[in-house]
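Throughout, numbering of the chain's residues begins at 1 and tracks the sequence.
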Amino acid sequence: MLSTEHILGVEEFAQMLGISVEQLSPAVQNLITSKDLRYQKLSAPELEENLLNILKKLDNNQFSQVGQQRQNIWESAWSEYLQSFSQQEFDLDALIPRFISANPIVRLRQEYVRACSTNFELSFFKALRLYLFQTYLADVDNVYEFGCGSGYNLIDLAHLYPQKKIYGLDWSKSAVEIATLLGENKKLLVKSYPFDFFEPDYSLEIPPSSAVLTMCALEQIGARHEEVIQFILQKSPQICLNMEPIFELYDQNNLVDYMAVKYHNLRGYLSGYLSRLQELEQQGKLEILHTQKVCFGSLYHEGYSFVVWRPIA
């Protein structure tokens with residue numbers, strides 16, 4: 001017997017962000033309702049098979065660890081995007097990150113469900129991204145995305161805020177070149193600079209009316225986040241928005257979350273970051289404006305939670 005179809009609508013989306021429907025702009029609401037966000041709950045046999053497959057992979061540790069040693073791997077990855085972008089006559093779809101999975105099984109509100117569309121995760125991400133950009137980046141003059149990768153977020157930022165100065169920063173030369181091409185070939189107000197999370201360049205100037213943005217980028221530095229935090233504190237931007245897999249927000253008494261914790265640890269993803277921000281808030285060095293566990297993700301973890309904070313001069 002086929003499972004009943006559900007739709008991730010505006011009300012459920014707002015609940016996942018811990019806000020009311022009225023706090024979602026008409027543009028975000030239209031984006032949600034225009035996408036195919038239908039899903040079905042897994043049957044008991046499907047759920048058991050899915051859990052077993054994940055547990056086997058976790059036990060066999062079939063995952064590579066993130067870290068500074070992977071710079072060449074990321075250079076190679078973004079080089080492929082750069083080549084595709086150029087060969088496809090600068091088609092923006094060539095820049096959609098491949099980590100946004102087309103797998104029909106996704107994590108939704110601490111359960112596994114089967115999406116009816118292979119674009120389910122991408123559609124959710126686009127709606128979440130628009131909400132975050134409209135809510136937290138509207139009042140700044142400059143946006144600096146650190147770890148800009150394929151430049152996919154820079155495109156949305158530049159289209160949403162054509163008068164703002166947008167900066168893409170990455171340790172990959174190919175990623176920096178992609179951001180440069182976006183400015184030159186798409187006539188977007190985008191500039192790019194090289195930047196290494198592990199060795200922050202303090203000569204980089206960040207004006208006061210600026211936002212620092214990361215989206216699934218800080219995850220790559222594991223426990224080595226102190227250098228980045230101190231860099232941001234010294235530069236003192238108006239606001240900092242991090243959309244990342246945030247270890248402290250997982251509920252280890254929930255099976256789906258607990259498996260994400262095991263995966264998170266195996267990969268060596270961002271750890272201790274939120275706890276360190278909370279320590280510095282107690283010391284009066286920054287203010288945490290909002291922390292949200294979004295309860296959505298791909299097969300192995302949740303990469304869409306976020307923390308918003310600002311340095312206190």
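A donor-acceptor contact under 3.5 angstrom links the side chains of Q230 and E226, judged on distance only. Between the side chains of D201 and Y193, no donor N or O sits under 3.5 Å from an acceptor N or O. Side chain to side chain, Q292 and H290 meet the donor-acceptor criterion of an N or O pair below 3.5 Å. For the residue pair E145 and T214, no side-chain donor N or O sits within less than 3.5 Å of a side-chain acceptor on the partner. No side-chain N or O of Q65 forms a donor-acceptor pair with one of R70 less than 3.5 Å apart. Side-chain contact annotation: Y112 with R107, donor-acceptor N/O pair under 3.5 Å present.
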Q) Taking it one step at a time, do E177 and T180 satisfy side-chain hydrogen bond (donor to acceptor under 3.5 Å, both in side chains)? A) CA-CA 5 Å; E177 189 171 347; T180 301; over 6 Å; no
Q: Carefully, step by step, assess E75 and K173 under the rule salt bridge (Lys or Arg N to Asp or Glu O under 4.0 Å).
A: CA-CA 7 Å; E75 183 61 56; K173 294 179 181 178; over 6 Å; no
(Q) One pair to check against ring pair (Phe, Tyr, Trp, His ring centres under 6.0 Å): H301 and Y250. What are the steps and the verdict? (A) CA-CA 10 Å; H301 75 144; Y250 285 121; 7.7 Å; no
Q.
Does Y269 form a ring pair (Phe, Tyr, Trp, His ring centres under 6.0 Å) with F247? I'd like the steps, not just the answer.
A. CA-CA 8 Å; Y269 278 150; F247 183 86; over 10 Å; no
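The environment of D139 atom CG is sparse: at most 12 non-hydrogen atoms of other residues, nucleotides or ligands sit within 6.0 angstrom. Counting heavy atoms of neighbouring residues, nucleotides and ligands inside a 6.0 Å radius, atom CD of E48 does not exceed 12 of them. Around CD of E199, the count of heavy atoms belonging to other residues, nucleotides or ligands within 6.0 Å does not exceed 12. In Y258, the OH atom is not crowded: 12 or fewer heavy atoms of neighbouring residues, nucleotides or ligands sit closer than 6.0 Å.
At a threshold of 4.5 Å between non-hydrogen side-chain atoms, the residues E111 and V256 do not count as touching. Residues P237 and Y144 fail the side-chain proximity criterion, which asks for heavy atoms closer than 4.5 Å. By the 4.5 Å heavy-atom criterion applied to side chains, E121 and F99 are not counted as neighbours. Counting only heavy atoms from C-beta outward, the side chains of P207 and D141 never approach each other to under 4.5 Å. Annotation: side chain of K165 is not in contact with side chain of V190 (no heavy-atom distance under 4.5 Å). Residues D156 and R129 have side chains in contact (heavy-atom distance under 4.5 Å, counting atoms from C-beta outward). Between L188 and L154 there is no side-chain heavy-atom pair separated by less than 4.5 Å. Considering only heavy atoms from C-beta on, E248 stays 4.5 Å or farther from Q278 through its side chain.
Note that R267 lies outside the cation-pi zone of Y300, set by a 6.0 Å cut-off to the ring centre and a 45° limit from the axis.
Ring geometry for F124 against Y304 counts as perpendicular: the plane angle is over 60°, on a 0 to 90° scale with 30° as the lower cut. Classification of the Y131-Y136 ring pair by plane angle, with boundaries at 30° and 60°, yields perpendicular. Taking the six-membered ring where the residue is Trp, Y273 and W309 present perpendicular rings, their angle passing 60° and hence far from 30°. Ring geometry for F231 versus F195: interplanar angle of 30 to 60°, hence tilted.
K235 has no carboxylate O lying under 4.0 Å from a charged side-chain N of E205, or vice versa, which leaves the two without a salt bridge. The existence of a salt bridge linking K262 and D257 is excluded, since no basic side-chain nitrogen approaches an acidic carboxylate oxygen closer than 4.0 Å.
Listed by first then second residue, pairs satisfying side-chain hydrogen bond (donor to acceptor under 3.5 Å, both in side chains) with a partner in residues 76-93 read E80-R98, not counting sequence neighbours.
Atom NZ of K164 and atom CG of L157 lie 9.5 Å apart (nearest 0.5 Å). Distance CG/N30 to OG/S25: 8.0 Å, rounded to 0.5 Å. To the nearest 0.5 Å, the span separating CD on E227 from CZ on F197 amounts to 11.5 Å.
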